[in-house]
Amino acid sequence: QVQLVESGGGLVQAGGSLRLSCAASGRTFSTYSMGWFRQAPGEEREFVAAINWNGGSTYYADSVKGRFTISREHAKNTVYLQMNTLKPEDTAVYYCAAATYGGIQTRYQAYNYWGQGTQVTVSS
């Protein structure tokens, strides 16, 4: 019903920036809350950032506050994750997710749809 496609990952030096994009199919994008998660090798999936259904509220993990910004552009059915001042510990596969409930969600179990992931690697 909903398909999500991430893009924008890559290899950067510590202190650099990347912007991830998540393009959503369908016409119900504006009713969903959206989130970004990441997973490093051998680690559990970790919450990064979320935005509610109308974009009026955002929430961030402590590890990325002040460095990452989540936003959404309804006309393009797209959510973004701007990542600044990247650190080696940010290295992971980043996943975009959508939840049918419109409020902020931080548990990966609460999300109904997932993208394929995009690799972010930060060199030291």
Side-chain angles (χ1 to χ4, degrees):
Q1 185 177 26
V2 176
Q3 185 170 344
L4 306 174
V5 180
E6 303 99 331
S7 62
L11 173 64
V12 298
Q13 293 280 347
S17 298
L18 285 173
R19 188 181 74 162
L20 306 184
S21 298
C22 174
S25 65
R27 297 184 178 182
T28 59
F29 172 77
S30 63
T31 71
Y32 297 156
S33 59
M34 303 292 295
W36 287 95
F37 291 77
R38 65 188 183 187
Q39 189 166 17
E43 301 293 331
E44 296 293 318
R45 191 172 302 179
E46 177 188 22
F47 169 77
V48 176
I51 189 165
N52 79 327
W53 69 275
N54 65 8
S57 297
T58 59
Y59 190 79
Y60 300 91
D62 288 342
S63 59
V64 306
K65 285 181 180 177
R67 300 188 299 120
F68 291 11
T69 302
I70 187 171
S71 61
R72 66 193 302 167
E73 192 167 353
H74 293 285
K76 295 183 178 180
N77 285 351
T78 301
V79 63
Y80 304 96
L81 185 68
Q82 178 66 47
M83 305 186 295
N84 298 325
T85 319
L86 283 161
K87 304 175 180 179
E89 52 263 44
D90 295 318
T91 295
V93 176
Y94 283 71
Y95 297 92
C96 175
T100 55
Y101 290 109
I104 294 289
Q105 307 287 337
T106 60
R107 298 178 297 109
Y108 71 85
Q109 296 93 337
Y111 287 85
N112 305 98
Y113 304 100
W114 292 86
Q116 82 287 355
T118 186
Q119 177 71 48
V120 172
T121 302
V122 184
S123 62
S124 60

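Keep in mind that the numbers below use all heavy atoms, side chains included, and drop hydrogens, waters and symmetry copies.
The OG1 atom of Thr31 sits 11.5 Å away from the CG atom of Asn54 when rounded to the nearest 0.5 Å. Here Thr118 contributes atom OG1 and Leu81 contributes atom CG; the two are 11.0 Å apart, rounded to the nearest 0.5 Å.
Looking only at atom types and distance, the side chain of Glu73 has a donor-acceptor partner in the side chain of Tyr80 under 3.5 Å away.
Side-chain rings of Phe37 and Tyr111 approach one another, their centers coming within less than 6.0 Å.
Within 6.0 Å of atom OH in Tyr108, 12 or fewer heavy atoms from other residues, nucleotides or ligands are found, so the atom counts as exposed in its surroundings.
Looking at every heavy atom in both residues, Thr100 comes nearest to Tyr113 through CG2-CE1, 4.3 Å. For Gln105 against Ser33, the heavy-atom pair with the smallest separation is CG-OG, 3.8 Å. Across all non-hydrogen atoms, the minimal contact from Met34 to Cys96 is CE-SG, 3.7 Å.
In this structure, Thr91 contributes its side chain and Val122 its backbone to a donor-acceptor pair below 3.5 Å.
In this structure, Val12 is not a member of the same hydrophobic cluster as Val93, with clusters built from ILVMFWY side-chain heavy atoms closer than 4.5 Å. Trp36 and Tyr59 fall into different hydrophobic clusters, where Ile, Leu, Val, Met, Phe, Trp and Tyr residues are linked whenever their side-chain heavy atoms come under 4.5 Å apart, directly or through other members.
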Next item on the list: Carefully, step by step, assess Asp62 and Lys65 under the rule salt bridge (Lys or Arg N to Asp or Glu O under 4.0 Å).
Entry: CA-CA 5 Å; Asp62 288 342; Lys65 285 181 180 177; 3.1 Å; yes
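The aromatic rings of Phe68 and Tyr94 lie tilted to each other, with the angle between the two planes from 30° to 60°.
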